[in-house]
Each structure stands twice: as C-alpha cells, then as structure tokens.
Amino acid sequence: MLATNIDDLPTVYNAKETEEDIYKFWEDNGFFKADAKSPKKPYSIVIPPPNVTGVLHMGHALDETLQDILIRYHRMSGYEALWVPGTDHAGIATQNVVEKKLREQGLTRQEVGRDRFLEMTWEWANEHKSRILDQCKRLGASFDRSRERFTFDKGCSEAVKEVFVRLYEKGLIYKGAYIVNWCPRCQSAISDVETEYETEKGHLWEISYPLKGESGAIIVATTRPETIFGDVAIAVHPTDHKYSELVGKTVVVPLTGREIPIIADEYVDKTFGTGAVKITPAHDPNDFEVGKRHGFEPIWVIDEQGRMKACGEVPPELHGLDRYEAREKIIGMLEYNHFLLRVREHEHNVGKCQRCGTTIEPLLSEQWFVKMKPLAKEAIAAVKDGRIKFIPERWEKNYLGWMENIRDWCISRQLWWGHQIPAYHNKLTGEMVVAKENPDPSVWEQETDVLDTWFSSGLWPFSTLGWPNTDSEDFKKFYPTTTLVTGFDIIFFWVARMITMGLEFTGKAPFSTVYIHGLIRDEKGQKMSKSKGNTIDPVVIIDKYGCDALRFTMTSLCTYGGQDIKISDERFEYGRNFANKIWNASRFVLMNLDGVDNNDIDFSKLTIADKWILDKLNNVAKEVNANIENYRIGETAHVLYDFFWNSYCDWYVEIAKVQLQDSDIKLNTQRVLRYVLDMSLRLLHPIMPHITERVWQLIPKKSEFKAIMLADYPVYQDQLSFPTEAKEMELVFETIKSLRNVRQSFNIPMGLKFNITIHATNEEKPVFEAIESYIKRMAKVEEISYADVDVPVAKKSATAVVSASKIVIPLENLIDFNEEIARQEKKLGKLQNEKKSLEGRINNPKFVANAPADLIQQTKSRIEEIEIQENSINELITSLKA
RNA sequence: GGGUGUUUAGCUCAGUUGGUAGAGCGUCUCCCUUACAAGGAGAGGGUCGGGGGUUCAAGUCCCUCAACACCCACCA
C-alpha cells in the first residue's frame, strides 16, 4: 500500500512501488474502457499491432507512449477516447519461430504435418498473444483491453474472407505465373517490400558461347553462371554495332549443347559487361519480361529449395546441388572446357528475405496478386485532397511516390500459419471458385496457400471495430479512427495498405492523421538490433528509472521533424530527475496546505507574484494544448519542464515561502500553490501518468473527479491573464539575480546579510516596495532603504543597475574596487555592443521604412533603456575611480 | 541512377510563419538556505558545415559545394 500520510512520503520518489499500484487503480476502476453509447465526440486510435513473436522494445515504448499521450489528452479534453489494443499473427515471423523450436527437436514442419503444426503454432500464439500487451502495461498504456484483438481471430478472419472475395469478384485479385521473390529458406514467395537489398562483393564472369556452324563466339557477362542451363537466348542492344552481324544467329550453350538464338532487345545496356546478356526467363525478373516479349518458354533449373533442379537441362552430376556449390562447380567446368574467359570483381545488390536474411531467388511461380493500380487511385486522392494528413508532411511525398509507381502485390505465401486463401478447387473437374465458405468439402478442397500477413493488418482499423458488420456500435461510433501513430519504416507495408483497403471497403479514410515519429537508435546513431547487441530493454529502464522517466525522456527527444532518437541508459536520468523534482515540490506544497481542499482563489488578494505564476500557467496551458493538437509532443515536454522547474519551483515556491509567513495572504497563497500544482499535474498527466495521479490523489480535495486521468485538461482562461504583473515581476528576477551575482563576484558568504539602497525611479519605486520581502529572503538582504534615482551612489559600494533604477550595496570592507570597476566595465561593454547594433538598424532609413512599426518602437525603447543604464554605469565607474 | 534527412556551445540536440541564438549533460565557483545534493545559486562557452544570392534584416528563404545517414530503383 502506498503511504497516504504526507509526513511518511519518502524524500526520493519511488517509481517502482508507485507505478504498479496506480496502474491497478485505473484498471480496476475500468477507466480505460470506452463507451460506444457516449454522447461525447469520439477520439480513437488503433494500436499498430505488435507481432505475437515479439517482446517489448524501445520502438514500442515510444510508439505506445505517444499514442497514450494523445489518448489521455483527448480523454481529459472531453472526448470519448478509445485505444484499441491487439497483436499481429505475423505469418512468416511466427512460423519461423515455431519451426525453429521444432528443429531443436530434430523435426521439420513437413514431418509434423499441417494440422498438427497449426495446432502447435496456435498454442504458441495464444501463450504469447497477451504477453506483449501485458508488458505495455508497464508503459502505462491506457488501452481498452476489453476490446483486444488479434489479426487472426474470428472477426479479423471474417473480414479477410469478405475482402478477398469482394476484391476477386471485382477482378482485382488474380492468380498467375510471374517471377516472384522466393525465399528458399522460408519456402515461400514474399512481396517486393519484404525484399531488402544489400550490396555484396561478387564476381562478373565472362563466358564464351560458340556460334553454331561457324567459328567465333559471343562473350556474355553474368553474375549467376549457375543459371546457364536455363538460358533461352542471348540478347544484345539493337543499335550495338559490335554485334549487329550476330543478331539472328544461333549459339550453343556451354556444357549442355542446347542451341539458342541471339536476339536484339532494348533492355540491354551496351556499356555494361560485354554488352551481351544471357536470357534466363525462369530466374530473373528482367529476363522474364524479355522472354515474354520474344515468346520464349522459360526453363526452370533451380528449385524451391535453391538447389539445381533434377531435370534434363541440368547435367546429372549437378542435380540437387545447392545453388552456390553448383556455381563453384560450374565455374570449374567452364574453365576446364575453356568457356570461361575472364573473372572480374563486381559489386552488386542482392535481395535478402526481410525475415530471415536468406538471399532471394527470383523464381517463376504461380501466385495470387492484388491489382494495385485501380485501388491506388483513391488512396492517392485521399492524401492529395487532405482527407489524410501526414505529420511531418514530407512523408506524404514518400507515400505518393510509392503509390504512384505501385506494382501488383503478391499476396500468396506458401506457408501454413496465416489466413488460408478462400479459393476452392474441384477435385474432379479441377475447376476453381472463390467463396467465403467451402461449397462442399467432399468435392472441393481449399487452396493451400495463405495470405501475406499484411493483408489482414491492412484491414485493422475497421476489422477491429466490427466490420464487415457496419451496424456494430463500435464501428458506428469509432470508425474512422482519428490518428495513426507509427514509424516511417512501415508506411509501405502497412499505412498504405490500410488507406487503400479502408477507402475501398468503407468508403472512408481509416484515419485522418498519420503521425510518423522517428526510430529509436543507440547512442552512436545505429539501429538497435539483437544481433548487434546494442538494444536497450525498456523494462530494464523502467525498473531503474521509472516508467514516467522513460516516457518523459523519450517524449522530450521527439522533434517536430520526426528525427530519429538516439538514446543511452544515462539519458533517462533527465526524466527521473524531473519526476523527483515534481515529487519533492509536491511534498512541499502538501506539507504546507494545512488541509486546504479547494482552489477558490480570492482574486482581490492576489500578490504580484501570484498573478505572475497564474499568468504564466495560463499561457503554458494555451501553449500545451496547441502543441499537442499539432503533434509537437517534444515541445510540450519542454514547455512543461521549464514551467514547472524554473518558474514554479525555482521562483514561485520560494516566493510562497515568504507569503506563507504573512497571515493576511497565507490562505490565498495556499490556494494558489494548490491550484498551480493541480493544474501542472493535469498538464503533465498525459506524459507522466503515474506520478501525477499519485500526487493528485494526495492533494486534499472534495470529491470532484475520481482520478486525474478523468479530470478536465486545463485550457486558457481570460480571467487568469495578468500581463502587467507578469511584466513587473521581471524586476523581481532581475533584482535578485543581480544581487546574487554581486554576492558571488565578491565571494560574500550566504550567511552574511547586507543592507541595500535602491535608487528608484518614481514609476518603479512602488513595485520595489511591493516586492521587498521577496528580495530580502531570496537575496539575503537585511534592510532596504530608498533614495532618489538622481542621488549619487555611495562611494564604497557595489552597484546593480536594474531597469531604470540602481541598487547599491555598501560593502566598504568587502570588495576590491578594481574588481568592481572591471565588473561594471564588462557589463557596460555588453550594453554598448548591443546598442551599437541596434543603432545601426534604426539609423538605416530602409529599416525604418520597411520594418514593422512595433519592431521599430521596440528597438527604440531598448536603446533608451540601454542609454539609461549606460549613464548609470558610467557614473558608477567614474565615482569608483575617483 | 533518383529522392529525403542531417551538419547550431566540449557532448546530445531544440529553434512554427525571416527580426541580433536556447535546453539537458559536461566544465569552473560557491552552498547540507527547514521540498528536493537525482538539489540550490552564480559563471564560462557558438563568425549556426563551406561559398554565393534575395532582403532594411538570414540559423531560418533560394542556388551551389562538401561530409554523413537513410529510402526507392535493381545493369546481367
């Protein structure tokens, strides 16, 4: 149990013991549950579903924190806020994990069989499904667990079938034989976006193909000699004079003796290699196109495992050999037979499987595709006409560029873990139908391929809200969602597809704003990865520094431009220290409230300092609201940090200590202290939910809200605006700062109080009188006396020029006058520089003609102010020198 | 080959419509002042990557160069 007695609160904030209890308090009270029947305006976010295979990492921590900030802010601002949590079945990734476990037992999925394998994967998924969302609780995530979903649950599966059938019926899904990116390890096709290219050092082999029936040969350059058996032609550029006489002739493929023609095709680059290229339509996407144009039948020579195919085209001694072993062997064979003329080092890009890193084998195979061009139209329009806005805006360009050049999406995967394609083959006739249900299982059997995992994620914003049942309460209330928060790395994978599908099936953009944040990197700016061993575990950080510290630190590092965020363990001290500051300032206030349980401030009794802090708070509220609305989350953190620490703690709380001594204004000061703390906590709550809730619960109050997370978010109020007093307080700060400066400069110990004389102007004197008590306490001043501003200052003294007045500290025995002269000259120098530059402006007629009036006025008055101070300082220096 | 981002204090980075640069950490002084040493007070530190241009005025807009990072394309 957390302590409730103020005197029992530790002097160091204990995040660990607080956070668990507070989260439980929220959850037990059902505060995260959204009400679809609420009359309030909806605000909804669907979580980018983490993979069931995953453990919480820093990327999630940031993503979830930002969503939680938006949700909590809107919940407090009068919206019915719904955050839908859930996980992704992550087809390949999950299957790989389960297969790996099998392999550890010496088994393959084929040995286990499809049904048993799926059973095992479901078991595994069910065990892990909630794990990551449970971990998100450590982040303080206020999502509605009663609405938790899974991309492979019944509802999502219904949505998938519905979408598939409708797209098929519309002619937007087709099946066909094309070159796809094939992962020999995953044993499946993967899509273009799942293929990552890496630069690798390889070789460029020049191979001689002898002409048939005459002497001579054509030299071909290739990086993949093992595909030689699949060659159907040699291509040269139509305008390449080197080869013009050879086009139409026949050559003999080395090592097989097969005869193939030399053809001309524009695809060939005259300047690369030898200018002649072998055409292997079954194993290269470009060659496939060339082959199609010229009407060649592709020849398969590499199988799905990446091994040489046991077919007539391939010499028997190579059958079943791995593609790289075969390559070595073939090189040897070519060399032995004098077909190999030259080898060169060659750097080129090689496609890798995003999931397992295996080199992709472009393979001709029968797959299912979605025609993207027709769907992309609306998805492009929705972004162009502003129905969907990207923050930061530049990602729009990125999205549009991709969408405008979109290619068909290969959606079939030769996996077992995933949504089985709802197509059925007639065992007798071979006929195929696409339907949500099997027409007759005794005659029809379902397609064995499953769908790309992103197919179901693409439906996430509406499948989670009840679609295809468009009458569901959640769908009606919360769709379309408001904001999507994610990293830029999945704009193509996910965001683009949600937009496409959402528009096609609901007629509405699935969200109006896409908030893209940066990626988390290590302190050197490198991507965090398990293999590099540079990951930072958010749970470890939370244990060490606290969740709110983690959230605050990360939030403060978010920039409007969405830059990547570099972190290291020590950086989180920033947030922890701030949490501790909040804790201790709160303790002070709580210890001094004497049970004051309301914010009923008596406006007639407000001091200048009270008005200043209220004015400041008011402006902060205004700024914070605007910042959050505009996704300036980092700025929000900075503004609140600065206000709470530098204004409230460093100045107002210190001033309040003075005011609390005055029985006349004690109660009102307590109310101001309480009010500003209350509002500060509310303002901070979306970013630092636990500590703010914890402290807020400790503030004596009549029941108003049950929790700070349900309290009203502060907004700007006219009656709390005190610009005049806010300005006058500058005098307090300047005075106290100058006096402290003098004290430090002359090494006057804090224990030694001194008297001062203020040579004040008539305007400023009343203000000084009003703030005397603050000056006395905060600058350790004994007595304050006044003199006219024109009266010469006492000779043996240090002087601070503040605004138009002078503050004189008689320090006969304490100061070295040369030092004081130097100190004043330094200040004078600064002022003179400033004046010089300002005068340069004001004396420029073009400036006076063009600059805005208020700036000119401002410049003039600043010059006047400087002149007054200059005069004072000059006088001082003269008198010191005398 | 196209595109985007970055370059500001010793370090890590902020800086919304152009109006003489800010924070955190670190450094140097001083301080256990009854909320906080994870703290308080004071100080020092930058010709805003180079060059050019627009403007009365440029860290901010335009051009150019350089370095670094990333994305897309995929010449065998």
Side-chain angles (χ1 to χ4, degrees), chain A residues 9 11-13 195 197 204 220-224 227 235 267-269 271-280 284-287 346 348-351 392 394-395 397-398 401-402 405 488-489 491-492 518-519 521 523 525-527 545 549 553 556-557 559-568 570-571 573-574 576-592 626-627 630 632 634-635 638 641-642 649-650 653-654 657 736-737 740-745 747-751 777-780 833-834 837-838 840-841 844-852 855 858-859:
Chain A
L9 302 179
T11 57
V12 174
Y13 173 60
T195 309
Y197 288 89
L204 193 61
V220 168
T222 181
T223 56
R224 303 210 48 200
T227 63
Y267 150 72
V268 182
D269 176 356
T271 63
F272 186 87
T274 62
V277 53
K278 61 195 218 52
I279 301 298
T280 322
D284 181 279
N286 291 305
D287 292 7
H346 179 62
H348 60 145
N349 287 333
V350 178
R394 72 188 138 92
W395 293 111
K397 221 177 147 181
N398 181 270
W402 190 70
N405 297 296
F488 59 78
D489 50 335
I491 291 179
F492 303 151
L519 266 33
R521 297 175 179 278
E523 52 202 317
Q526 296 199 299
K527 230 173 170 172
Y545 297 103
T553 305
S556 77
L557 295 172
T559 65
Y560 185 63
Q563 295 304 318
D564 287 351
I565 294 167
K566 283 196 249 181
I567 57 165
S568 63
E570 307 81 56
R571 289 204 92 158
E573 288 174 8
Y574 178 67
R576 179 202 57 183
N577 292 356
F578 185 46
N580 197 45
K581 191 72 184 177
I582 295 171
W583 179 249
N584 279 298
S586 303
R587 273 179 58 235
F588 170 81
V589 175
L590 293 169
M591 285 187 284
N592 286 283
N627 280 333
N630 293 303
R632 295 174 173 278
E635 193 58 20
H638 296 145
Y641 181 96
D642 177 65
C649 294
D650 289 348
V653 167
E654 293 306 316
K657 286 176 183 172
I736 291 169
K737 279 188 197 166
R740 282 169 173 172
N741 186 312
V742 169
R743 187 179 284 276
Q744 276 272 348
S745 305
N747 289 319
I748 303 163
M750 289 300 284
R777 164 144 181 154
M778 296 173 77
K780 304 284 175 212
N833 278 340
E834 193 185 341
S837 128
L838 290 174
R841 275 198 204 181
N844 182 343
K846 285 182 178 170
F847 173 75
V848 181
N850 293 305
L855 183 70
Q858 203 183 308
T859 310

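Residue numbers begin at 1 in each chain, while the letters A, B, ... track the order of the sequences. Bear in mind the structure is a predicted one, so any value in this text is a computation, not a measurement.
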Between the protein and nucleotides 34-44 of chain B, are there any N/O to N/O pairs under 3.5 Å, and if so, what are the atom names and distances?
unit_1 : atom_1 : unit_2 : atom_2 : d
B:rA35 : OP1    : A:K657 : NZ     : 3.2
B:rA35 : O2'    : A:N584 : OD1    : 3.0
B:rA35 : O2'    : A:R587 : NH1    : 2.7
B:rA35 : N7     : A:K657 : NZ     : 3.3
B:rA35 : N6     : A:C649 : O      : 3.3
B:rA35 : N6     : A:E654 : OE2    : 3.2
B:rA35 : N3     : A:N584 : O      : 3.2
B:rA35 : N3     : A:A585 : N      : 3.2
B:rC36 : O4'    : A:N584 : OD1    : 3.2
B:rC36 : O2'    : A:N584 : ND2    : 3.4
B:rC36 : O2     : A:K581 : NZ     : 2.8
B:rC36 : N3     : A:K581 : NZ     : 2.8
B:rA38 : O4'    : A:N577 : OD1    : 3.3
B:rA38 : O2'    : A:N580 : ND2    : 3.3
B:rA38 : N3     : A:R576 : NE     : 3.1
B:rG39 : OP1    : A:N577 : ND2    : 3.3
B:rG39 : O3'    : A:K581 : NZ     : 3.1
B:rG40 : OP1    : A:K581 : NZ     : 3.1
B:rG40 : OP1    : A:W645 : NE1    : 2.4
B:rA41 : O3'    : A:R740 : NH1    : 3.4
B:rA41 : N3     : A:Q744 : NE2    : 3.1
B:rA43 : OP1    : A:N741 : ND2    : 3.0
B:rG44 : OP1    : A:K826 : NZ     : 3.1

Problem - Set of residues satisfying side-chain contact (heavy atoms from CB on, under 4.5 Å) with respect to A:H348, sequence neighbours excluded - result: A:T223, A:H346, A:V350

Exercise for the section: Please list, chain by chain and in numerical order, all residues satisfying ring pair (Phe, Tyr, Trp, His ring centres under 6.0 Å) with A:Y545, sequence neighbours excluded. Expected result: none

Completion exercise
Readout for nucleotides 17-23 of chain B: B = base within 4.0 Å of protein heavy atom, S = sugar-phosphate only, - = neither; 5' to 3' it is --BB---

Problem - salt bridge (charged side-chain N to carboxylate O under 4.0 Å, His left out) partners of A:K737, counting only residues at least two apart - result: none

Practice task
Go through the structure and list residues passing ring pair (Phe, Tyr, Trp, His ring centres under 6.0 Å) with A:Y560, not counting sequence neighbours.
Solution key: none

Completion exercise
Sorted by chain and number, sequence neighbours left out, side-chain hydrogen bond (donor to acceptor under 3.5 Å, both in side chains) with A:K397 holds for none

Handout entry: Which residues share a salt bridge (charged side-chain N to carboxylate O under 4.0 Å, His left out) with A:E834, sequence neighbours left out
Key = A:R862

Handout entry: A:T227: side-chain contact (heavy atoms from CB on, under 4.5 Å) partners, not counting sequence neighbours
Key = A:R224, A:K278, A:T280, A:H283, A:I302

Handout entry: Sequence-distant partners of A:R394, salt bridge (charged side-chain N to carboxylate O under 4.0 Å, His left out), two or more places apart
Key = none

Problem - For A:R743, salt bridge (charged side-chain N to carboxylate O under 4.0 Å, His left out) partners two or more places apart - result: none

Handout entry: Per-nucleotide pairing state of RNA chain B [Watson-Crick or G-U, under 3.5 Å; [ ] pseudoknot-crossing; | other strand]
Key = (((((((..((((.....[..)))).(((((.......))))).....(((((..]....))))))))))))....

